[in-house]
Every structure is written in C-alpha cells, then in structure tokens.
Enquirer: 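Let me give you the structure first, and then I'll get to my questions.
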Amino acid sequence: MSDEQKSHFWIPDEEVQRVNKTLRAMPTKRNVSFSEHGSKLSHSLQVIKQTLEAAAPDNSLADSDLLVFNIELPHGEKIQDKQSLFDSNGMKVRAVKNVRSAIVTSTSSQFQTLRNRVDAYTRNGSGRTYFDFIEDFKPYIGSEKNSSELRKLTASAQVPVTLDIQLMLIPNLENHLYHSALTQTN
C-alpha cells in the first residue's frame, strides 16, 4: 500500500467524536480472614431475619415473600461493578444509596440459599470472590425514613386525628408488588 492518503479512507476530524474511556480495575484481593468475616456476615443475615420477623405485622410486603435489606461494600468498591455478585446470590438491587451501599431484595428461598453460601464461606472459604467484597448486610426498616415532623407528631401527647402523609415505596418493584403493598396499607 502506498503512503498516500486516500480520500475514501480519511475521516475528517470534525466528524470524529472523542469518547473518554473510564478504565475499570480488576478487584484486588482483600486481606480478610474468611472465617471471621463469614461469621460477621452470617450474624448480620441472622439479625436481618429477626428484624423482619419482628416487623412482620407492619410489613406491607410480608405476603409477597420479599425480603428487603441493605448491602454495604468496602471502601473503594462500587455497587455498579458488582452486578454478578447480586445476580448469582439471588439479590435484586432496588435502590443505590451511595456508590457502596444499596437496598436489595430477595425471596425467602433465595435468602436461605444466601445464608447457606455464607455459612460455607465461613467454614471453608468457598465463594471468596463474592463474599470478600461484601462489607456487611444490614436490616432495612422503612420507619428510618420517617420525617422528623412525623415523629414529633406521633410522639406528642395529643396525636392528630388525621395526618397527611406521603408514602414512598421501594423503587423498581414489579407492579403487582406495588398493588399488594398498597392494599396492605389501607
């Protein structure tokens, strides 16, 4: 081929758009003891289960077999980079609170499978590629999102007969779950 530029191979600079590429690094191994870390995760899952059982009478999603909880990743890790972790362990990300914390849901059977996998991780380190990158699981209680004004009104000696409130459900739920939750609140 000759050194001459051929016009049909040349793309003018004004027609080229520069795209910034953000590089993603491969995860580095965390220096954690899988038995200690697994015990912490297992305890956290137990706390979630107990919290959800205690809140069952007020839980509008109790009939839907859906468990809602928080997951937190270590500093430097991002929720957006861990989709395979969620998918393979039966969790669906419903809301991202910040780059390393999200609200996820799971069915009861998937939650039990997750607990079994965390127990296996605790015993022999299986699943390190996933569980090493989970800092903690935490219960998600909707009442923590109550406004301070609502807390003041309901804690006062004379609670108003009617209150005008706005309900906020967990985002990205399927429509039938929204309808089920709304009928439970009436």
Side-chain angles (χ1 to χ4, degrees), residues 21-146 168-178 180-181 184:
K21 183 177 180 181
T22 353
L23 300 176
R24 293 179 18 185
M26 295 298 290
T28 57
K29 292 202 182 252
R30 289 187 68 209
N31 190 19
V32 294
S33 164
F34 61 83
S35 60
E36 291 174 13
H37 186 62
S39 295
K40 173 186 169 186
L41 295 179
S42 184
H43 179 263
S44 296
L45 291 173
Q46 181 63 31
V47 168
I48 289 169
K49 189 73 171 166
Q50 291 169 347
T51 304
L52 290 172
E53 287 170 356
D58 297 330
N59 186 355
S60 59
L61 292 173
D63 294 342
S64 65
D65 188 41
L66 201 64
L67 306 176
V68 182
F69 54 99
N70 286 320
I71 187 168
E72 190 174 296
L73 302 180
H75 290 283
E77 297 296 328
K78 296 179 181 176
I79 294 291
Q80 68 185 21
D81 297 338
K82 299 296 181 191
Q83 191 60 46
S84 64
L85 179 143
F86 303 121
D87 292 342
S88 65
N89 288 294
M91 295 180 279
K92 287 187 180 178
V93 176
R94 299 300 182 165
V96 177
K97 294 172 82 175
N98 58 46
V99 293
R100 54 183 281 264
S101 179
I103 298 170
V104 296
T105 60
S106 179
T107 64
S108 295
S109 62
Q110 291 169 328
F111 188 79
Q112 187 58 47
T113 302
L114 175 63
R115 289 180 71 182
N116 294 342
R117 288 180 179 172
V118 168
D119 289 343
Y121 167 71
T122 304
R123 284 191 308 276
N124 58 23
S126 65
R128 286 191 82 157
T129 54
Y130 293 127
F131 298 118
D132 277 0
F133 294 99
I134 297 175
E135 185 66 32
D136 205 3
F137 296 106
K138 295 181 180 174
Y140 176 76
I141 305 299
S143 60
E144 68 190 34
K145 299 297 277 181
N146 288 351
M168 183 177 143
L169 299 175
I170 296 167
N172 302 317
L173 286 178
E174 291 77 16
N175 282 338
H176 71 281
L177 294 173
Y178 279 128
S180 172
Q184 295 289 324

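Values reported hereafter were calculated over all heavy atoms of this structure, with side chains retained and with hydrogens, waters and symmetry mates removed.
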Enquirer: What closest approach, in Å, do L52 and V68 show between heavy atoms, and which atom pair accounts for it?
Expert: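 Closest approach of L52 to V68, heavy atoms only: CD2-O, 4.1 Å.
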Enquirer: Which distance, rounded to the nearest 0.5 Å, do you find between the CG of N98 and the CD of E72?
Expert: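 Going from the CG atom of N98 to the CD atom of E72 covers 7.5 Å.
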Enquirer: The criterion is side chain to side chain donor-acceptor pair (under 3.5 Å); which residues satisfy it with T51, sequence neighbours excluded?
Expert: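 Testing T51 for side chain to side chain donor-acceptor pair (under 3.5 Å), a comparison that skips the adjacent residues, returns none.
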Enquirer: Side-chain contact, heavy-atom cut-off 4.5 Å: K97 with N70?
Expert: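 Yes, side chains in contact.
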Enquirer: Test of understanding: with salt bridge (charged side-chain N to carboxylate O under 4.0 Å, His left out), list the residues that count as partners of R117, not counting sequence neighbours.
Expert: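 Scan of R117 (salt bridge (charged side-chain N to carboxylate O under 4.0 Å, His left out), adjacent residues dropped) gives none.
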Enquirer: Could you pull out the closest heavy-atom pair between R100 and E77, with the gap in Å?
Expert: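 Nearest pair, atom of R100 first, then E77: CB-O, 3.6 Å.
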Enquirer: Please name all residues satisfying salt bridge (charged side-chain N to carboxylate O under 4.0 Å, His left out) with R128, sequence neighbours left out, ordered by chain then number.
Expert: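 In terms of salt bridge (charged side-chain N to carboxylate O under 4.0 Å, His left out), with neighbours along the sequence ignored, R128 is linked to D132.
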Enquirer: Output all residues satisfying side chain to side chain donor-acceptor pair (under 3.5 Å) with N116, sequence neighbours left out; order by chain, then residue number.
Expert: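 Here the qualifying residues are Q112.
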Enquirer: So, using side chain to side chain donor-acceptor pair (under 3.5 Å) as the criterion, who are the partners of S106 when residues are at least two apart?
Expert: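 Side chain to side chain donor-acceptor pair (under 3.5 Å) list for S106, sorted by chain: empty.
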Enquirer: Return the set of residues passing salt bridge (charged side-chain N to carboxylate O under 4.0 Å, His left out) with K78 (not counting sequence neighbours), or none when no residue passes.
Expert: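 Partners of K78 by the salt bridge (charged side-chain N to carboxylate O under 4.0 Å, His left out) criterion come out as none, since no residue qualifies.
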Enquirer: Is there a donor-acceptor contact under 3.5 Å from the side chain of N124 to the main chain of S126?
Expert: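 Yes, because the side chain of N124 sits within donor-acceptor range (under 3.5 Å) of the backbone of S126.
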Enquirer: Tell me every residue that passes side-chain contact (heavy atoms from CB on, under 4.5 Å) with S35, counting only those two or more places apart in sequence or in another chain.
Expert: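 Once residues adjacent in sequence are excluded, the partners of S35 under the side-chain contact (heavy atoms from CB on, under 4.5 Å) criterion are S33.
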Enquirer: Does some side-chain heavy atom of V32 sit less than 4.5 Å from a side-chain heavy atom of F133?
Expert: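 No, their side chains stay 4.5 Å or more apart.
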Enquirer: Which residues satisfy the side-chain contact (heavy atoms from CB on, under 4.5 Å) test with S108, sequence neighbours excluded?
Expert: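 Applying side-chain contact (heavy atoms from CB on, under 4.5 Å) to S108 gives D65, L67.
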Enquirer: Can you list the residues that meet the salt bridge (charged side-chain N to carboxylate O under 4.0 Å, His left out) rule with K92, with sequence neighbours excluded?
Expert: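 Once residues adjacent in sequence are excluded, the partners of K92 under the salt bridge (charged side-chain N to carboxylate O under 4.0 Å, His left out) criterion are E174.
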Enquirer: Decide yes or no on side-chain contact (heavy atoms from CB on, under 4.5 Å) for I134 and V118, but give the supporting numbers first.
Expert: CA-CA 11 Å; I134 297 175; V118 168; over 6 Å; no
Enquirer: What orientation do H37 and Y121 show, parallel under 30°, tilted 30 to 60°, or perpendicular over 60°?
Expert: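 It falls in the perpendicular class, over 60°.
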Enquirer: Could you walk me through whether R94 and Y140 pass side-chain contact (heavy atoms from CB on, under 4.5 Å), step by step?
Expert: CA-CA 12 Å; R94 299 300 182 165; Y140 176 76; over 6 Å; no
Enquirer: Got a sec, which residues hit side chain to side chain donor-acceptor pair (under 3.5 Å) with S42, two or more places apart in sequence or on another chain?
Expert: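 With sequence neighbours excluded, S42 shows a side chain to side chain donor-acceptor pair (under 3.5 Å) to D119, given in chain and number order.
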Enquirer: With rounding to the nearest 0.5 Å, note down the distance linking CG in D81 to CG in L73.
Expert: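 The distance works out to 9.0 Å.
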Enquirer: Does F111 have any ring-ring contact (aromatic ring centres under 6.0 Å, His included) partners at least two apart in sequence or in another chain, and if so, which?
Expert: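 Scan of F111 (ring-ring contact (aromatic ring centres under 6.0 Å, His included), adjacent residues dropped) gives F69.
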Enquirer: Only pairs at least two apart or in different chains count here, so list each salt bridge (Lys or Arg N to Asp or Glu O under 4.0 Å) that has a residue in residues 32-41.
Expert: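 Sorted result for residues 32-41: K40-E135.
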Enquirer: To the nearest 0.5 Å, tell me how far S88 OG sits from Q83 CD.
Expert: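 Atom-to-atom, S88:OG and Q83:CD are 10.0 Å apart.
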Enquirer: Working to the nearest 0.5 angstrom, can you tell me the gap between I71 CD1 and I103 CD1?
Expert: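 Rounded to the nearest 0.5 Å, the CD1-CD1 separation comes to 12.5 Å.
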Enquirer: If every non-hydrogen atom of R123 is compared with every non-hydrogen atom of F34, which pair is closest and at what distance?
Expert: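 Reported closest heavy-atom pair: O-CE1, 3.9 Å.
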Enquirer: Please name the pair of heavy atoms, one in V47 and one in P139, separated by the smallest distance, quoted to 0.1 Å.
Expert: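 Distance-wise, the nearest heavy atoms are CG1-CG, 4.0 Å.
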Enquirer: Less than 4.5 Å apart, side chain to side chain, heavy atoms only: is that true for I79 and F86?
Expert: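 A side-chain contact exists here, since the closest heavy-atom pair is under 4.5 Å.
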